[in-house]
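Owing to the predicted nature of the structure, the values given are computational and were not obtained by experimental measurement. So you know, we letter chains A, B, ... as the sequences are listed, proteins then strands, and number each from 1.
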Amino acid sequence: MNFFKTDLETLHAQLVAKELTVEELVTATLDNIAKIDSKYQAFITVMDESALAQARALDERGVDPDEILSGIPYGIKDNLVTKGVLTTAASRMLANFVPIYDATVVANLKKHGAIGVGKLNMDEFAMGSTTETSYFQETKNAWDQTKVPGGSSGGSAVAVATGQVPFALGTDTGGSVRQPAAFNGIVGMKPTYGRISRFGAIAFGSSFDQVGILTRTVKDNAYVLAAAAGHDDQDQTSSDRPVPDYAAQLTTDLSGLKVAVPSEYFGAGVDKNVQATVKAAINQLVKLGASVDTVSLPHTKYGVAAYYILASSEASSNLQRFDGIRYGYRASDAKTLEEVYVQSRSQGFGPEVKRRIMLGTYSLSAGSYDAFFKKAAQVRTLMIEDFQRVFADYDIIVAPTAPNVAYDFGQNTDDPEVTYMNDALTIPVNMAGLPAMSINAGFVNGLPVGMQLIGAAFAEATLYQVGYAFEQATKLYEQIPGGEH
Amino acid sequence: MAQEPLSKTEVEAVASLAKLTLQPEEAASMTEQLAKIFDLVNTLAEVDTTGVKPTYSPSDVQNVLRADVAVDAQQATALLANAPEREGDLIKVPAIIDEGADK
Amino acid sequence: MTVPNFETTIGLEVHIELKTQSKAMSPAPAEYGAQPNQKTNVIDWGYPGVLPQANQGALEYGMMAATALHASVTRDLHWDRKNYFYPDNPKAYQITQQETPIGREGWLEIEVDGEKKRVGITELHVEEDAGKNTHGTDGYSYVDLNRQGTPLIEIVGAPDLHSPEEAYAYLEALREAIQFTGISDVKMQEGSMRVDANISIRPVGSDQYGTKVELKNLNSFNYVRKGLAFEEERQAKIYLAGGTVRQQTRRYDEATGGTILMREKETADDYRYFPEPDLAPIKVSDEWVDEVAQRLPKSAPERRAHYVGTLGLEPYDAKVLTQTLAMSDFFDATVAAGANPKRAANYLMGDVNAYLNEKQVDLEDTQLTPAHLAAMINLIEDGTISTKMAKRVFTAITEGKDPIAFVEEKGLKQLSDPKDLQPIIDQVLDANEQSVIDFHGGKDRAVGYLIGQIMKVTHGNANPSVVNQLLMTALQARKPE
Ligand SMILES: [Mg+2]
Ligand SMILES: [Zn+2]
């Protein structure tokens, strides 16, 4: 079965009423993946055995009527570690790596009864925005298989958009949940930094990384975040703020909501049709009661440069542990210790990963630290202050998620500068650690356009309220990728 | 204070610090690509950051510490099973010649 | 030992392993001597996705060390990463406190040849230890990560030391100061105290330091002293021959007492330090510093002043008792349990130390308790047992036995009551008339013989001083007319 016409509440009701057993649901999900995923290649690993075992155990115990996720199948980006299940981060480096522990977010969802059915393709170590840097396979866009799915959580977005799973986990370091959500016309939430534990999320840029949630609808997303979030002793940067019941706070009335629209997000480089689609969506918010002003986030244009320095610096350090000594890929031809290091890393990492390691290593090295790393960290402060000024007066910032709709494969791979600019609208949020959500705002040439809702720290509930009101008014989620489903 | 693009020698020095080796074509394209990234980075020089405190994390949490209680995870067997080479309970590596860093 | 016309500058960098229950950044047990890799978890192995968990105990031990070394405790702390690849360094970075060390600007007092001097401590930081590599003869090395993540404090001394003897005295003072905080065993032989030394020499009067040489493999204070002395001379010879000293890392060679080149340092290592994004920054309040300082045991100098001034011990004895924190604590507890301080001191310096040497154990690993020792001393003081009997009782308390119960059980009561002793003495004198005659004839030896006879009858349980007194009176009474 696919999940185009159903949502979590409906599925939950069917499971509780025993119209459907968990085993039937999981079997049907796995059958559908087996049937259609060869076309999209969203999955790296399908977790047949563990999913079915968990389903049978749950049927025996009985679905919990108070847990909306009880018995619900879902997909997991392959940089979130799963106990006993291959976890590759889409890298040759970890092509054989089977972790002995679950990421906290996976453990949290398991506690709530959700059933992981597979590990999803991504850009290698989450570095990229097209999923093309994966060592394993090329994932296709749900709406047009000649287009990229976005990235780095491309597999997660496509698995949801093609109806293979009701929801999926991604990670978002510079836009990696929101941009593929936008390219595939679904809802992608990157919560506030610290809202979801990072324990077990294979680190890319530690001060940017945040686990995110991809769903078809806003309400589904709200349910999943509530189960996924919360303080974790294993992540000392995770927040201990209580997790609200987001789904209970949804509304269709936006009266009194103050919306800020940053002029920098509608400048050169942002496709005119994308701009028009998002502006029309903003008008829809006004119809629902919101007031809108144009504001300025003056340091936006420096975001990409500062981000690439900082995130790559952290990545260069985070990825040093992949050295061929304790786990993961070891070059078979390495004889000396130096060769074990150098050959294993040179053969185990792909070009994009090496490029960022190089940039990061250089940025942190003795002669460049001040001009690169420290300077970028100062610019980060200025970007945070930009946001603080706006949120002193406004409830939410609304902008496009990406400067364009999904494009052809191979388009930008040779020119990092062009590819990096594609992240310009999503990066500032990660610089400031803010929550942001992409929601489908309409279509250009049959491809979805993402509208980005940005909130103040820990204001996820506001993003869900605005997203829900918009979604209920437009019902865009009822449009599904055409073709042979 | 614009950043000059790196020379091929400098690129190799960075690669060696990162324990990477670049094939000749790779080194050439890496040098070129890094040059483009440096163009981007150079835009930061426009920003006046005098007196601006750097931000290293957007997190507002502080003083998070774990109580000093030991937990014996009993994971040694599983951990050792992942090592590409081992000898009994030890991880095996080609001989260490250099003495490493000052700890 | 100083080389004429040259001035020596020595800076010591000391790493001390902290005696916490768990590791600095993971909850794995911080245990010495386990089977390889058994006390490790996914954090120690630097597995993908794992995050460090900073240990409050390790940080507070760092605060204690800073306080004990008269350093100021830094109030605004964050952790940093120090990046380098090495097989015993699984993450390829060490979490340390490069930018905000826990303590700054401390000092220690040392004494060399009767002269006292303050030596500066530049900074102290809390950090993770690395694992351990062993080098095979088979072309391989072997890695054990048990030690990986054990908390360390690194104590960076100022370049205030001008001779190997001063360096030695500094290390003794440092070991004592740290040991009396209770945060470390500070044992060179177990690696819980490790020393690296930097040494340079320059012509007297020069305002520029000479080229610095770093010494490693200094596994005892003596080796530090010998290695530095060797290096002083080696460098002086080079200068005197018109050469230049090269910046090197050299290792001390135990066999020859010399130093051997390990590597030349042409460029500084690039550790690419940056703030650790996986850990929250720490604000240290005044209250926190005070609360931790209150947990500090009394320092060795304070204890010695108390032993001499209040308890009336000799300065030398006070020094011996403060050789280790365990000994000093044991002494204090024995006195607190009611023992005579002088007798307690004598027992600890005598029988107890002899016992520890013979068994090659530490005081804390024996079954001796202050309560038992105090009880035994009180049995001697009140005449219940003789010092000779006490030998047996001492053996009993080393086996964990209660001395009062032991004395009771073995019937080790000393006979001190004249009512009990008088008849025995009379009986012995009756049986040894010749000895009585000899005594009165001026042969003092007769007394010893008679005491021996009395002891034989009493199985050695008679109180010798009471016996002596009663015997003399009885002999006088039997003076022949
Ligand atoms: Mg050091
Ligand atoms: Zn150190």
Side-chain angles (χ1 to χ4, degrees), chain A residues 97-98 100 193-194 207 233 236-240 299 301-302 304-306 308-309 316 320 323-327 330 334-337 339-343 345-346 349 351 354-355 357-359 361-362 365 371-372 374-382 384 415-417 420 431-434 457, chain B residues 1-3 6 10-11 13-23 26 29-30 33-34 36-61 64-66 73 75 78-86 91-98:
Chain A
F97 179 64
V98 179
I100 55 176
Y193 184 82
S207 75
D233 287 340
Q236 293 191 339
T237 66
S238 68
S239 174
D240 59 3
H299 295 92
K301 68 169 166 169
Y302 304 110
V304 172
Y308 274 92
I309 289 170
S316 72
Q320 285 174 160
D323 58 9
I325 288 177
R326 295 167 316 287
Y327 53 77
R330 158 154 345 169
K335 302 247 174 354
T336 65
L337 180 61
E339 282 167 10
V340 168
Y341 282 132
V342 171
Q343 313 286 24
R345 290 169 58 77
S346 299
F349 292 136
K354 285 189 226 174
R355 192 149 55 217
I357 289 175
M358 292 285 292
L359 173 60
T361 303
Y362 181 75
S365 62
F372 278 72
K374 190 175 171 206
K375 180 81 179 182
Q378 289 173 307
V379 170
R380 189 175 194 177
T381 305
L382 297 173
I384 291 171
D415 193 339
E417 202 173 346
Y420 294 177
M431 294 287 276
L434 301 176
Chain B
M1 192 187 54
Q3 292 299 319
L6 295 184
E10 285 172 306
V11 168
V14 176
S16 131
L17 207 49
K19 298 271 188 232
L20 291 172
T21 179
L22 303 171
Q23 300 306 313
E26 238 183 326
S29 85
M30 185 72 78
Q33 286 165 346
L34 285 174
K36 285 185 178 171
I37 297 168
F38 277 32
D39 285 343
L40 194 63
V41 166
N42 280 331
T43 61
L44 292 186
E46 300 165 23
V47 188
D48 181 5
T49 51
T50 321
V52 176
K53 205 171 169 276
T55 298
Y56 299 114
S57 168
S59 168
D60 66 350
V61 299
V64 185
L65 293 160
R66 172 180 57 80
Q75 282 173 324
L79 289 163
L80 284 158
N82 268 331
E85 255 191 297
R86 66 191 159 108
I91 306 160
K92 188 175 176 183
V93 295
I96 299 167
I97 298 157
D98 154 39

ring-ring contact (aromatic ring centres under 6.0 Å, His included) involving A:Phe349 - partner list, sequence neighbours excluded: A:Phe125
Sequence neighbours excluded, which residues qualify as ring-ring contact (aromatic ring centres under 6.0 Å, His included) partners of A:Tyr341? C:Phe85
For the side chain of A:Thr361 and the backbone of B:Val14, is there at least one donor-acceptor N/O pair under 3.5 Å apart?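 No; judged by distance alone, with no hydrogens or angles, the pair does not exist.
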Between the side chain of A:Thr381 and the main-chain N/O of B:Thr55, is any donor-acceptor distance below 3.5 Å?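 Yes, the answer is positive, given that a donor and an acceptor are paired below the 3.5 Å cut-off.
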Please determine, among B:Ser59, B:Ala81, B:Ala95, the option with the most heavy-atom pairs under 4.5 Å with chain A.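 Most pairs with chain A among the choices: B:Ser59.
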Among B:Leu80, B:Leu20, B:Asp60, single out the residue with the greatest number of heavy-atom pairs under 4.5 Å to chain A.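 It is B:Leu20.
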Worked verdict on A:Lys301 versus B:Glu46 for salt bridge (charged side-chain N to carboxylate O under 4.0 Å, His left out): CA-CA 11 Å; A:Lys301 68 169 166 169; B:Glu46 300 165 23; 3.8 Å; yes
Tell me the closest heavy-atom pair linking [X] and [Y], and the distance in Å.
| X | Y | answer |
| --- | --- | --- |
| A:Gly324 | B:Pro84 | O-CG, 3.5 Å |
| B:Val47 | A:His299 | CG1-CD2, 4.1 Å |
| B:Ala15 | A:Met358 | CA-SD, 3.6 Å |
| A:Ser238 | B:Val61 | O-CG1, 4.0 Å |
| B:Val52 | A:Gln378 | O-NE2, 2.9 Å |
| A:Ile100 | B:Gln75 | CD1-NE2, 4.0 Å |

Looking only at the side chains, is there a donor atom on one of B:Ser57 and A:Ser207 sitting less than 3.5 Å from an acceptor on the other?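 There is no such pair (donor and acceptor under 3.5 Å, judged by atom type) between the side chains of B:Ser57 and A:Ser207.
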Chain B heavy atoms under 4.5 Å from [X]: which part of the residue, side chain, backbone, both or neither?
| X | result |
| --- | --- |
| A:Val340 | side chain |
| A:Gln320 | neither |
| A:Gln343 | side chain |
| A:Ile325 | both |
| A:Tyr193 | side chain |
| A:Ala432 | backbone |

Any chance you could measure B:Thr43, atom OG1, to A:Tyr302, atom OH, to the nearest 0.5 Å?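 One finds 6.5 Å between OG1 of B:Thr43 and OH of A:Tyr302.
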